[in-house]
Amino acid sequence: MAEIRRTVIVKLDVTDSDTALLHETIDEYLWACNYVVDDAWQDDFKPTSKTKLHDRTYADVREQTHLQANLVQSARNKAAEAIKGVVERWKQGEQASKPHFTTPSIRYDKRSATFHDDHVSLSTVDGRIDAEYVLPPEGGNPHTTYLRNDDYEVTGATLQYRETTDTFFLHIGTKAEMEAEMPDDSDTEHSTVLGVDLGIEQLAVTSTGKFWSGGYLNHRRREYERIRGDLQRTGTESAHRTIERMGDRETRWVEDYLHRISKAIVQEAIAHNCDRIAFEELIGIRERLPGIKKFHTWAFRRLYDYVAYKADAEGIETTQVGPAYTSQRCSKCGTTLQENRRSQARFCCQKCGYEAHADYNAAKNIGFRLLRAGQKSPHGGATRHLALKSGTLTVNGEYSPAGQ
Ligand SMILES: [Zn+2]
């Protein structure tokens, strides 16, 4: 059983008086987010704990706004996550400035909003308003597949105002538990990445700590080359035909082996609720990996294609990311040092002492790279995760145990 999360974007039909009310609510909500950040910024050691920030700001925000309790908490959570993101960047020696919220949006949960089949009831600064969904006709659209589907449960939503068209949209999060047979459409706010590192000793290693040894494949290749060498030395017509037959058989065998591994990688992605799989860029890999043979680049390319094909059928996107420093960067603290890579197999961070299999550390960095690539602002709407052995890590370093 896999948990599937999908976001459906729904246009709202809002009356003029309710429009004014929603704008007022957004203004107060953004004010609350910024108030929490300002409060935290008074301290040299910025508090990031939601409980601590709650104790410091809740009463003030309730007093100075007309926001209902759940929206005050929602604003505080949003601010807490942004503060944590900045602190995390500082810890990694990166530049980051104080968060400031201006994007007109509000995060609603099931207490501050009620989701019906064709409309939503939203909490505002003056009671609740109802807004009709503007839905397309039933058919092959996300609204039919997720929103009108009883298998999917609504988890919450983000209200967004688009200035260009003067309209309100609701990004509704939905969730389902089902067999791994996923529709291919995806506009995902909740995105989880599986990182995959390719190599000679370890053919593939995932950020979830699964290893597929390259030993078997390397052994078969060496055997094949030895026999082929012997046959070539005989130089007869029949030896030449034998080489060709062997070559075909060997290719089929290797392809079959790669098919099985690709299937297991996609299963790993499904098991961890990933909607993306990240590989390092295959172009130029021959220059980066010492001891690599033409055979390996061929095998990597095949494996990637098989994964991409199988993942696509499951609604999972497969991409390649830039390879810079994935083997030298510490996946735990972010420090990048050449000395971190102790040997071919061992990674040891000179700064924080983190030790791991070098390819496993690289797989996590590959996943991270895709996460960061998608992270446009520290408090952008999307939540992106990297799938780990147990649980997930956000780009800001927040850890959630498995099953959340
Ligand atoms: Zn480290």
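Any value given below was found using the heavy atoms of this structure, including those in side chains, with hydrogens, waters and symmetry copies removed. One-based numbering, in listed order, for ligands and for the atoms of each. As the structure is a prediction and not an experimental result, all values here were calculated from the model.
- In this structure, K364 forms a cation-pi arrangement with Y360, its terminal cationic atom sitting closer than 6.0 Å to the ring centre and no more than 45° off the ring axis.
- S112 and D109 form a side-chain donor-acceptor contact under 3.5 Å, judged by distance and modelled atom types alone.
- Minimum heavy-atom separation, A311 to V266: N-CG2, 3.8 Å.
- Side chain to side chain, R128 and S121 meet the donor-acceptor criterion of an N or O pair below 3.5 Å.
- Around the Zn ion (ligand 1), the protein contributes the following N, O or S atoms at distances under 2.8 Å: C330 SG, C333 SG, C349 SG, C352 SG.
- Closest approach of V120 to A113, counting heavy atoms only: CG2-CB, 4.4 Å.
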Contacts under 3.5 angstrom, residues 244-253 side chains, donor-acceptor by atom type, not counting sequence neighbours:
from, atom 1, to, atom 2, distance (Å)
T251, OG1, G247, O, 2.8

